[in-house]
Protein chains: 2
Amino acid sequence: MSHVGYPCLMALDRDHVLRSAAALLTRKSTATMDEVAKAAGISRATLHRHFAGRDALVRALEALGIAECEAALAAARLDEGPAADAVHRLVREIEPAAGLLAFLYTENQLFEGEGQNQGWTRIDDRVAALFRRGQRSGEFRIDLTPAWLTEALYGLLASAAWAVSEGRVAPKDFTHMIVELLLGGARRREES
Amino acid sequence: MSHVGYPCLMALDRDHVLRSAAALLTRKSTATMDEVAKAAGISRATLHRHFAGRDALVRALEALGIAECEAALAAARLDEGPAADAVHRLVREIEPAAGLLAFLYTENQLFEGEGQNQGWTRIDDRVAALFRRGQRSGEFRIDLTPAWLTEALYGLLASAAWAVSEGRVAPKDFTHMIVELLLGGARRREES
DNA sequence: CCCACATGAGACATCTTTGTCTCACCATGG
DNA sequence: CCATGGTGAGACAAAGATGTCTCATGTGGG
C-alpha cells in the first residue's frame, strides 16, 4: 500500500480503466471481465483490485455517466438564453459521454431492481425542466410532453453514438444532427 | 411426431413462444432460457424442442422482426402520396413490433460477428429511400442525411417503446409522438 | 543494496447457464 | 381399452464467467 498522503497510481489508473471499460462495453455490452481488463491493458487480477466485481464496475460506470451528465448540464447553463440554444449547448457538452450513455441506457439491469439510481431522476428532471421552459416561453410546441422530449433526446444520443461508431454518419455532424432533428424535425421549414 | 399433413400444435405454439420471448427479452435482455420458458408457460424441455438453443431463439426472433418490418413496409405503401404521410403510415404499422425492434436494436451481438443479416440492410435501404424521396420532392430538408433519419427513426421507435413500457408516456400517443418529433421537431412551427 | 508494493500470470473452486437425457404423466385417437 | 406422442419435471455433465488465492517479477524509494 502507498502511504496515505502520497499519490497512488491506482487513482489515476482507475479513471483510465473506467474509460476503457466504457468504450469496450459500448461496443460489446456482454464483454467479460477478462476482455475489459485486456482492453484497459491490465490483468484481470489488477482489474479486480480496482473494482470488486462486475457489479461494482457497472455501478462505477453508472456513477461516471451521471457525473458526466451533471457536468454537461452545468456547463450548458440550461437556464440562460433561449431554450433552443440551451439544448444545443447541452448536446454539445454531452457528446463525449454519448457512447457511455448509450451503454447505460441499454443496461436495463440498472433499473430492473427496485428504484433506479436517484441521480438519473434528477438529471431527467433538469432536462425535462428545460423543455418545459421552452414550452412556456413559446419556443417549443406543447403537444409533445417534456417527458417524451427527454426520452427522445436520450434515444437520439444513443442512436447517433451508435451510428457514428458504425461509420454510418460523420462524427463531426453529431451535434448538428441531433439538435436539428430534435428541434426542427425532418420536414422542411417554411421561412419564418 | 404428428403424421405429415396433420396440423401440429407445435407450429401454433411456436409463434406464441416467439412472441412471449420477444415481450420478455424486450424488458430483460439477459433473461435465461428458463425464464423465457416460464414466460411462455412451457417447460425448458419444450422450449428446446422448439428452438435448438439460445442462438436459434435469437435468430428466430431476428427473423420475426425482419418479417414484421417488411410487412409494415408493405402495408405502409411507402411509394404512394406525400413522403410525410408515408412515414406516418410506416410508424403506425410498425408500432406493434416496436418492442421487438428495440430488443434487436440493442442486441449488437447480431452485428458483432461478420455481416449483419442481409434482411436489415434491405429494410434500411427502403426506409432511407423514403426519406430520399421526401428530400427530392422538397418535403424534407436536405441537410439531414437519409442514413441519419433512418437511424433516428429506429432510435425513436426504441425510445418510445421503452418509455411506454415504463409508463412514462401514454401508449395511445406512440405514433403521434414519433411522427411529430421526427418530422416536425420540438420547435414551434410558424404557421405556413 | 534492500525492502515495500503494485502488477501479471495462473491455479482453483464456485456459480450460473446451457444442452441433453430419462422418465412419468396425460390427452387424444383408434 | 390401449397405444402414440407431446409435455413437464428433474438429473446430469459441459462450458463459461466469476471471485479468490498464491507466487514470481520488476520497479521505485529509502
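The chains referred to below are lettered A, B, ... by the order of the sequence lines, with proteins before strands, and numbering in each begins at 1.
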Task: Listed once per pair and sorted, the side chain to side chain donor-acceptor pair (under 3.5 Å) pairs that draw on residues 91-100 of chain A, sequence neighbours left out - done: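 Qualifying pairs: A:Glu95-A:Thr175.
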- [ ] Would you please confirm or rule out a distance under 4.0 Å between OP1 or OP2 of C:dG8 and any side-chain N or O of A:Thr46?
- [x]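 So the side-chain polar atoms of A:Thr46 do come within 4.0 Å of the phosphate oxygens OP1 or OP2 of C:dG8, strictly under.
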Open item on the list: If I take atom CG in residue A:Leu47 and atom P in nucleotide C:dA9, what distance separates them, rounded to the nearest angstrom?
Closed with: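 After rounding, the gap between these two atoms is 14 Å.
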- [ ] Would you kindly give the CD1-to-P distance between A:Ile42 and D:dG26, to the nearest whole Å?
- [x]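 Going from A:Ile42 (CD1) to D:dG26 (P), I get 20 Å.
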Task: For B:Ala39, all residues meeting side-chain contact (heavy atoms from CB on, under 4.5 Å), sequence neighbours excluded - done: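 Scan of B:Ala39 (side-chain contact (heavy atoms from CB on, under 4.5 Å), adjacent residues dropped) gives B:Leu24.
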Quick one: salt bridge (Lys or Arg N to Asp or Glu O under 4.0 Å) partners of [X], sequence neighbours excluded?
X	value
B:Glu68	B:Arg19
A:Asp79	none
B:Arg141	A:Glu180, B:Asp143

Quick one: which protein N/O atoms are closer than 3.5 Å to N/O atoms of nucleotides 18-22 of chain C? Pair and distance per line, please.
unit_1: C:dT18; atom_1: OP1; unit_2: B:Arg54; atom_2: NH1; d: 3.2
unit_1: C:dT18; atom_1: OP2; unit_2: B:Met33; atom_2: N; d: 2.9
unit_1: C:dG19; atom_1: OP2; unit_2: B:Arg54; atom_2: N; d: 3.2
unit_1: C:dG19; atom_1: N7; unit_2: B:Arg44; atom_2: NH1; d: 2.9
unit_1: C:dG19; atom_1: O6; unit_2: B:Arg44; atom_2: NH2; d: 3.0

